[in-house]
Number of protein chains: 2
Amino acid sequence: MKIGELAALAGCETETIRFYEKQGLLAAPARTASGYRTYQQRHLEDLQFIRHCRAFDMSLSFVRQLLIFREDPTQPCGRVNTLIDEQLSHLDTQLTQLHQLKADLQALRTLCQNDHQAKDCEILKNLVHPCASDCERHR
Amino acid sequence: MKIGELAALAGCETETIRFYEKQGLLAAPARTASGYRTYQQRHLEDLQFIRHCRAFDMSLSFVRQLLIFREDPTQPCGRVNTLIDEQLSHLDTQLTQLHQLKADLQALRTLCQNDHQAKDCEILKNLVHPCASDCERHR
DNA sequence: CACCAACTCTAAAGTTACTTTAAGCATTGA
DNA sequence: TCAATGCTTAAAGTAACTTTAGAGTTGGTG
C-alpha cells in the first residue's frame, strides 16, 4: 500500500509517517520504480504500535525502547512492565499537578466577579503577588 | 538590579528573562555604560506576573493579553475573567484526558504480570491491536 | 596592579513531536 | 490530454524555552 493509504488506516498524516521513518522508528519500506513508498502489513502494525504508545503520551524515546521487543520477540518482557510503570507514574505526577493548578485557578477566579477597572481587579493583583505564602507552586 | 538578581528573585533563569524581553513580554530595561541590563521594581512585578501565569500553564499569547491590563489600569477587567475561564476549561479538558489515559494504561498494565517472552506479552500485543473497539482515544 | 572566578553580553542552534511550505514529478479519471 | 490528486524532497516553522560558543565586565585576592 502507498503512504496515503497507510496514513488513513493508522489515522495519522502522511508527513508523520515520513517523520517516523526519518527518526528511525518505522522501517524504510520498498519503493516503486518512480520512488513511491510501498508498505506491508507489518509496517501498519508497527505504525499502530507507535500511535497507540503516543496516545498514552509516551515520548518517542520511550516508544523506541518498546519497539526493541517487537524486533526481537524472544526477549524477556520484564522491562516492558517497568517502562509502563514509569509512564504510569509520569501520568500520575501530571495529574496531581494539574489538579492543584485547577484548584488554585478556581480560587483565583472567585476573587473577581464583576467588571471593574483593571487596577482594582483582585485577579490581576494576585497574579503579581500570589495568594498565600504557601503558594509553593509559584516558584 | 542586574539580571542575575532579578532571576533569583523571580525564581527563573537569566536566559528566560532575556527570552521574554525578545518576545516583547518584558520591557527592555535601561543599560549600564558597559551594556548590562538594570532592572527596577516594576520589572520584577511584571516578571512575577508572567511566571505566575505560566505556573497556571497559560500560553505566552494568553499572558500577553493579560499584560495589556497591567499597562492600562483604567481598562475594564471583564475580559480578564473570560480569559481565566478559558484557561480553566483548558485545564479541565487536559485533566479529563489524562484521567482516561491513566485508567487505560492501568488496565493495560494488568495484562502482563510475569516476565515472559516478548512475543507472548499481552501488553505488547495490545499496543498493536488495542483492547476493545470502544477505544476511541486511539484514533 | 595582575589575575581569576563569576557574571553579563549576543547570536545561533538545539529540544520535542510534529506541521507547514515550496517546488517539482507521478498517477488517475474524465 | 489535461486537471486534480497524490507522491517526492529539503527546509523552515511551532512553543517555550535551554544550551552553546565566544567575548567582554566586574569584584575580590595576593
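Letters A, B, ... are given to chains in the order of the sequence lines, protein chains preceding strands, and every chain is numbered from 1. Since the structure is predicted, the reported quantities are computational estimates derived from the model, not experimental observations.
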Visitor: Return the set of residues passing side-chain contact (heavy atoms from CB on, under 4.5 Å) with B:Gln40 (not counting sequence neighbours), or none when no residue passes.
Guide: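 B:Gln40 satisfies side-chain contact (heavy atoms from CB on, under 4.5 Å) with B:His43 once adjacent residues are dropped.
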Visitor: For A:Cys121 and B:Val80, work out which heavy atoms get closest and say how close.
Guide: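 Heavy atoms of A:Cys121 and B:Val80 come nearest at SG-CG1, 4.3 Å.
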Visitor: Sort me out a list of protein N/O and nucleotides 16-18 of chain C N/O pairs below 3.5 Å, or just none if empty.
Guide:
residue: C:dA17; atom: OP1; partner: A:Leu60; partner atom: N; Å: 3.2
residue: C:dA17; atom: O3'; partner: A:Arg54; partner atom: NH2; Å: 3.4
residue: C:dC18; atom: OP2; partner: A:Tyr20; partner atom: OH; Å: 3.0
residue: C:dC18; atom: OP2; partner: A:Arg54; partner atom: NE; Å: 2.6
residue: C:dC18; atom: O5'; partner: A:Tyr20; partner atom: OH; Å: 3.3

Visitor: Please list, chain by chain and in numerical order, all residues satisfying salt bridge (Lys or Arg N to Asp or Glu O under 4.0 Å) with A:Arg42, sequence neighbours excluded.
Guide: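 Only A:Asp46 meet the salt bridge (Lys or Arg N to Asp or Glu O under 4.0 Å) criterion with A:Arg42.
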Visitor: Would you say the side-chain atoms of B:Gln23 and B:Arg64 include a donor-acceptor pair closer than 3.5 Å?
Guide: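 There is no such pair (donor and acceptor under 3.5 Å, judged by atom type) between the side chains of B:Gln23 and B:Arg64.
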Visitor: Mind calculating the distance between NZ (B:Lys22) and C1' (C:dA13) to the nearest angstrom?
Guide: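 Rounding to the nearest Å, NZ of B:Lys22 and C1' of C:dA13 are 11 Å apart.
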Visitor: Examine distances only and state if a side-chain atom of A:Gln87 and a backbone atom of A:Phe56 form a donor-acceptor pair shorter than 3.5 Å.
Guide: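 Looks like yes, one N/O pair under 3.5 Å.
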Visitor: Which two nucleotides bound the region of DNA chain D that has atoms under 4.0 Å from heavy atoms of chain B, read 5' to 3'?
Guide: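 Listed 5' to 3', the contact boundaries are D:dA16 to D:dT26.
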Visitor: List every contact pair, protein side and nucleotides 21-23 of chain C side both N or O, where the distance is under 3.5 Å.
Guide:
none

Visitor: For DNA chain D, find the residues of residues 32-40 of chain B with a heavy-atom distance under 4.0 Å and give them by number; none if there aren't any.
Guide: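 Those residues whose heavy atoms fall under 4.0 Å from DNA chain D, taken from residues 32-40 of chain B in numerical order, are B:Ser34, B:Tyr36.
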Visitor: With sequence neighbours left out, what residues match A:Gln113 under side-chain contact (heavy atoms from CB on, under 4.5 Å)?
Guide: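 side-chain contact (heavy atoms from CB on, under 4.5 Å) check on A:Gln113 returns A:Arg109, A:Thr110.
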Visitor: Taking only residues two or more places apart in sequence, or in another chain, which ones meet A:Thr32 in a side-chain hydrogen bond (donor to acceptor under 3.5 Å, both in side chains)?
Guide: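 Applying side-chain hydrogen bond (donor to acceptor under 3.5 Å, both in side chains) to A:Thr32 gives A:Ser34.
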Visitor: Using side-chain contact (heavy atoms from CB on, under 4.5 Å) as the criterion, list what pairs up with A:Arg18, not counting sequence neighbours.
Guide: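 Result, side-chain contact (heavy atoms from CB on, under 4.5 Å) vs A:Arg18: A:Ile3, A:Thr14, A:Glu15, A:Arg37.
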Visitor: Which pairs, with at least one residue in residues 69-99 of chain A and sequence neighbours excluded, count as a ring pair (Phe, Tyr, Trp, His ring centres under 6.0 Å)?
Guide: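 Qualifying pairs: none.
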Visitor: Nearest heavy-atom pair of B:Leu9 and B:Met1: which atoms, and what distance?
Guide: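 So the two residues come closest at CD1-SD, 3.7 Å.
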Visitor: Using the test side-chain contact (heavy atoms from CB on, under 4.5 Å), find all partners of B:Lys119 that sit at least two apart in sequence or belong to another chain.
Guide: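 B:Lys119 satisfies side-chain contact (heavy atoms from CB on, under 4.5 Å) with A:Pro73, B:Gln117 once adjacent residues are dropped.
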Visitor: For B:Glu122, enumerate each residue passing the salt bridge (Lys or Arg N to Asp or Glu O under 4.0 Å) test, keeping only those at least two apart in sequence or located in another chain.
Guide: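 Testing B:Glu122 for salt bridge (Lys or Arg N to Asp or Glu O under 4.0 Å), a comparison that skips the adjacent residues, returns B:Lys125.
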